[in-house]
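What follows is a single structure, written as structure tokens, with notes after it.
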Amino acid sequence: MARFEVLILDRMSNFMTDAEGIRQSLERGGLRCTPQRYAVMAFLMQCHGHPTAAEIYRAVNRLDPRSSRATTYNNLRDLVQAGLVREVAVEGRSARFDAKGVRHHHFICDRCGNVEDMKWYKVPKPASSTLGKRIVRECELIFRGLCTKCAPRHAFR
């Protein structure tokens, strides 16, 4: 069993915390609170990492074996579109997902692909003259480089 899957199982004991808060956040996002959507959102709110869709599916499926891969992936798409979940694109690797809670930026390691949360820094919006008719909702930063585990190994090469 992969390290991340063990982490997932350890967090399952607290999986159903704050059911009313999850239901309300889904409704505020314009989504019905189905059991499968609730399970995906609850897992992401408890998860301190940035799981892939496949990892989320495995975790939710352990809790409810009737939950299909397609339903899990569709719910992730709906949660992202509703603005409740953020999709973090990692070049050349599977996208990772993060429940929006405390605002933060991300650091992505070029070598291992690890995604870490970084402190939120207010990013100024571009001047309206450079945007044309575009409307900016939010600006996020993604830092890329070598994480603390990979950087020392890189220094010796």
Side-chain angles (χ1 to χ4, degrees), residues 1-121 123 137-154:
M1 188 178 297
R3 183 183 74 74
F4 194 81
E5 289 174 328
V6 171
L7 243 172
I8 289 169
L9 290 174
D10 288 345
R11 298 194 198 290
M12 287 303 198
S13 59
N14 297 325
F15 192 72
M16 296 300 173
T17 59
D18 197 14
E20 186 60 23
I22 294 170
R23 186 187 63 73
Q24 287 176 1
S25 69
L26 290 171
E27 289 175 359
R28 276 193 306 272
L31 299 172
R32 285 186 322 116
C33 184
T34 65
Q36 296 87 356
R37 190 172 286 142
Y38 175 89
V40 169
M41 191 66 191
F43 172 73
L44 283 169
M45 290 177 77
Q46 287 295 313
C47 187
H48 295 291
H50 299 84
T52 64
E55 290 166 337
I56 296 166
Y57 164 71
R58 284 194 298 272
V60 169
N61 190 262
R62 280 197 186 94
L63 189 65
D64 181 4
R66 297 170 298 161
S67 186
S68 73
R69 184 179 308 271
T71 300
T72 301
Y73 284 48
N74 289 336
N75 280 320
L76 279 170
R77 181 200 62 222
D78 294 344
L79 290 166
V80 168
Q81 288 176 347
L84 299 172
V85 170
R86 184 175 7 194
E87 183 175 358
V88 182
V90 181
E91 294 172 11
R93 295 194 163 105
S94 297
R96 302 205 167 253
F97 296 88
D98 191 8
K100 286 191 173 181
V102 176
R103 295 176 89 184
H104 59 274
H105 298 293
H106 290 102
F107 180 93
I108 301 173
C109 181
D110 293 334
R111 176 163 288 145
C112 69
N114 187 43
V115 179
E116 300 172 24
D117 291 344
M118 299 288 292
K119 181 180 173 184
W120 180 261
Y121 297 95
V123 179
R137 177 180 42 81
E138 183 176 63
C139 295
E140 295 179 39
L141 294 177
I142 295 180
F143 298 90
R144 298 182 188 276
L146 297 175
C147 68
T148 55
K149 291 178 188 172
C150 294
R153 286 186 280 177
H154 182 74

Between Asp78, Asn74, Thr71, Thr72, which is the residue that forms a side chain to side chain donor-acceptor pair (under 3.5 Å) with Arg37? Asp78
Decide yes or no for Leu44 and Pro51: does some side-chain heavy atom of the first lie under 4.5 Å from some side-chain heavy atom of the second? yes
For Ala95 against Glu87, the heavy-atom pair lying closest together: CB-OE2, 3.3 Å
Does a side-chain heavy-atom distance below 4.5 Å link Asn75 with Met41? no
Interatomic distance, OH@Tyr73 vs CD1@Ile56, rounded to 0.5 Å, equals 8.5 Å
Test side-chain hydrogen bond (donor to acceptor under 3.5 Å, both in side chains) applied to Gln81 - qualifying residues, sequence neighbours left out: none
Min side-chain heavy-atom separation Glu55-Arg96 under 4.5 Å: yes
Using modelled atom types and a 3.5 Å cut-off, is there a donor and acceptor pairing between side-chain atoms of Asn61 and backbone atoms of Ser67? yes
Under a 4.5 Å cut-off applied to non-hydrogen side-chain atoms, are Cys147 and Glu116 in contact? yes
Indicate yes or no: at least one non-hydrogen side-chain atom of Phe97 is less than 4.5 angstrom from one of Val80. yes
Indicate the atoms forming the closest heavy-atom contact of Arg93 with Cys109, along with that distance. NH1-O, 4.1 Å
Okay, side chain of His105, backbone of Phe143: is any donor-acceptor separation there less than 3.5 Å? no
With a 4.5 Å limit on heavy-atom distance, are the side chains of His106 and Arg86 in contact? yes
Is the closest side-chain heavy-atom distance between Leu31 and Leu84 below 4.5 Å? yes
Residue pair Trp120 / Cys139: nearest heavy atoms and the distance that separates them: CH2-O, 3.4 Å
Between the CD1 atom in Ile22 and the CD atom in Glu27, the distance rounded to the nearest 0.5 Å is 12.5 Å
Approximate separation, where rounding is to 0.5 Å, of Glu140 CD and Tyr121 OH: 15.5 Å
Between His50 and Asp117, do the side chains contain a donor N or O and an acceptor N or O under 3.5 Å apart? yes
